[in-house]
Amino acid sequence: MSENKSENQLKNLEKVKDAALSCVHCGQCRVANWPIQNFYYVCPVYKSQVSPQFDPYFARGKNIILKGLLWGDLKLSREITELFSQCSLCGACEEFCHNAMNENFDFPTHRWTSMVEVFEALRADLVEAGFALDSHSSMNKALTEKLNPYDRDNKEKSKWTDQIDFKVKDASKKPIDLLYYVGCTAALTPNIQNIAIYTSKILHKLGIDFGILGEHEICCGSVALRTGDRKAFETISEKNVELLKRLGIKTIITSCAGCYRTLKKDYNKKLDGIEIFHTVEFLQTYLQEKEISLKNLEIRTTYHDPCHIGRHMGMYEIPREVLAQISDPIEMQTNREGAMCCGAGGGLRKGNAELSLDLAKNRVKEAMETGVENLVSTCPFCYRNLSDALEELNSEMKMIDLVQLIYDSLNRK
Ligand code: SF4
Ligand code: SF4
């Protein structure tokens with residue numbers, strides 16, 4: 001019996017091993033030649049000049065390593081952690097894998113199994129075996145101790161409210177049905193607090209009764225789950241579930257793609273009874289029901305799909321429908337299921353900042369090819385990485401979150 005197996009070091013990977021074992025090493029997850037829509041890269045890490053651009057830097061090579069581990073030819077190690085942490089968990093590989101997409105291939109164990117889920121399982125085994133990246137360990141320690149991954153005093157989470165001229169209800173003190181769950185990045189990052197400010201201004205303008213948790217808001221735990229620290233995720237998610245249920249929250253909206261995916265999908269029914277929406281999704285329905293039309297701002301835009309609401313949750317058209325009412329949007333070459341990742345997620349920015357920024361630069365270059373002036377997204381994480389890339393490239397293109405455009409549109413005379 002292999003050393004990995006005898007110590008049961010692969011207990012998470014073993015649960016999803018069929019997905020890794022069914023890889024036939026075709027390389028479709030590296031560059032797309034199917035569906036036929038020009039040649040383009042699938043894996044953003046493989047495309048980056050910062051990566052060595054060989055097999056372990058896209059899913060095929062990673063699956064070969066997984067087989068080596070499962071068959072006992074390889075052992076868990078720091079080197080394997082480093083290889084698997086050079087991946088943003090964007091999920092593009094699973095969209096383009098013929099096992100996952102082509103209904104004529106009958107590999108039922110794999111067809112609906114997520115590559116992201118497999119990579120996360122290995123990361124969990126690596127963390128449990130003591131091979132976590134130091135940068136990820138310190139982030140997850142802060143997460144459980146300070147309730148945010150930025151190692152900041154959680155009291156700072158309500159500071160952005162100083163910049164608005166109305167009082168937002170404190171959902172920890174007053175009974176409230178609708179909670180605006182701000183998320184750590186929008187609450188604590190100065191130039192991204194605009195997302196929280198515009199979200200609350202829209203709700204206030206529309207007369208929607210809502211509250212926030214401010215210093216009592218607990219991180220959703222997404223970063224812990226993505227980087228393999230399942231203990232930290234369990235700790236934080238249990239605290240969140242207890243708080244949200246105790247407060248009697250009925251609906252949660254969030255302007256963060258990562259929080260949205262985590263609360264709605266990864267909490268796995270623990271928040272049953274509470275409806276969860278991305279802000280844009282919530283507003284689209286609300287505006288339609290109230291027959292409030294959005295005015296066109298007469299600007300040109302292109303939309304970047306955040307992986308966490310796009311590929312991970314299948315929400316592609318709602319933001320596009322809203323954006324089309326407000327502006328004149330033009331698609332980038334890769335979009336929807338095939339959209340290139342901004343490089344911020346999956347612990348990549350924290351674990352490998354240079355590679356993460358290079359991914360963002362590639363995405364920005366693609367946006368610049370459209371010739372429009374505004375790059376729009378629906379996630380504070382994407383906002384931050386793409387803004388950094390725009391600055392690095394000295395681009396005049398402007399990064400805007402869709403909530404800001406909705407606010408501007410509602411205020412357009
Ligand atoms: S999840 Fe994204 S970054 Fe990771 S291997 Fe797949 S395509 Fe590449
Ligand atoms: S496309 Fe699927 S089967 Fe082909 S190498 Fe990638 S993961 Fe393996």
Side-chain angles (χ1 to χ4, degrees), residues 16-35 40-68 70 80-123 225-228 257-258 261 304-308 310-313 334 336-352 354-360 362-363 381-382 385:
V16 287
K17 68 178 175 186
D18 290 341
L21 294 176
S22 62
C23 170
V24 295
H25 308 229
C26 65
Q28 179 79 21
C29 50
R30 177 180 55 180
V31 286
N33 49 23
W34 177 86
Y40 59 85
Y41 284 89
V42 171
C43 177
V45 173
Y46 184 78
K47 185 181 184 184
S48 167
Q49 298 297 321
V50 171
S51 86
Q53 294 190 307
F54 64 99
D55 265 32
Y57 294 89
F58 70 103
R60 176 170 71 184
K62 288 185 170 59
N63 282 334
I64 293 170
I65 293 169
L66 295 176
K67 285 180 183 177
L70 288 161
I80 291 180
T81 298
E82 276 162 16
L83 272 176
F84 276 78
S85 62
Q86 297 196 33
C87 161
S88 62
L89 299 178
C90 71
C93 46
E94 74 189 47
E95 289 290 341
F96 285 86
C97 174
H98 59 73
N99 279 348
M101 287 186 67
N102 190 333
E103 295 194 359
N104 295 319
F105 286 91
D106 191 14
F107 294 121
T109 50
H110 186 230
R111 186 178 295 153
W112 308 120
T113 307
S114 150
M115 206 86 74
V116 171
E117 195 183 332
V118 176
F119 296 161
E120 282 182 4
L122 177 72
R123 287 176 176 201
L225 196 57
R226 310 291 156 238
T227 56
R261 181 217 142 120
H304 165 74
D305 294 89
C307 304
H308 284 113
R311 277 183 290 264
H312 293 205
M313 298 298 282
T334 67
R336 298 180 172 83
E337 291 91 343
M340 271 284 147
C341 169
C342 78
L348 187 62
R349 183 174 163 118
K350 188 72 183 171
N352 192 328
E354 189 192 1
L355 178 60
S356 168
L357 182 60
D358 200 55
L359 265 56
N362 283 337
R363 186 56 168 161
F381 247 48
C382 299
N385 235 30

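Order of listing sets the numbers, starting from 1, for every ligand and every atom in it. Along the sequence shown, residues carry numbers from 1.
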Atom indices of ligand 2 within 4.0 angstrom of [X] heavy atoms, with elements:
| X | value |
| --- | --- |
| Val24 | 3 (S), 8 (Fe) |
| His25 | 5 (S), 8 (Fe) |
| Gln28 | 1 (S) |
| Cys23 | 3 (S), 5 (S), 7 (S), 8 (Fe) |

| message | For the CG atom of Leu83 and the CD1 atom of Ile65, what is their distance to the nearest 0.5 Å? | response | 5.0 Å

| note | Distance filter under 4.0 Å, heavy atoms only, around ligand 1 gives Cys43, Pro44, Val45, Ala59, Cys87, Ser88, Leu89, Cys90, Gly91, Ala92, Cys93, Phe119

| Set of side chain to side chain donor-acceptor pair (under 3.5 Å) partners for Ser51, sequence neighbours left out | none

| field | Which residues share a side chain to side chain donor-acceptor pair (under 3.5 Å) with Asp305, sequence neighbours left out | value | Arg320

| said: Looking only at the side chains, is there a donor atom on one of Ser356 and Asn385 sitting less than 3.5 Å from an acceptor on the other? | reply: yes

| query | Under a 4.5 Å cut-off applied to non-hydrogen side-chain atoms, are Arg363 and Thr334 in contact? | reply | yes

| message | Side chains of Asp358 and Asn362, heavy atoms from C-beta outward: is any pair under 4.5 Å? | response | yes

| said: Applying salt bridge (Lys or Arg N to Asp or Glu O under 4.0 Å), can you list everything that pairs with Arg226, at least two apart in sequence or on another chain? | reply: Glu120, Asp266

| field | Under 3.5 Å donor-acceptor, Ser48 side chain and Val45 backbone | value | no

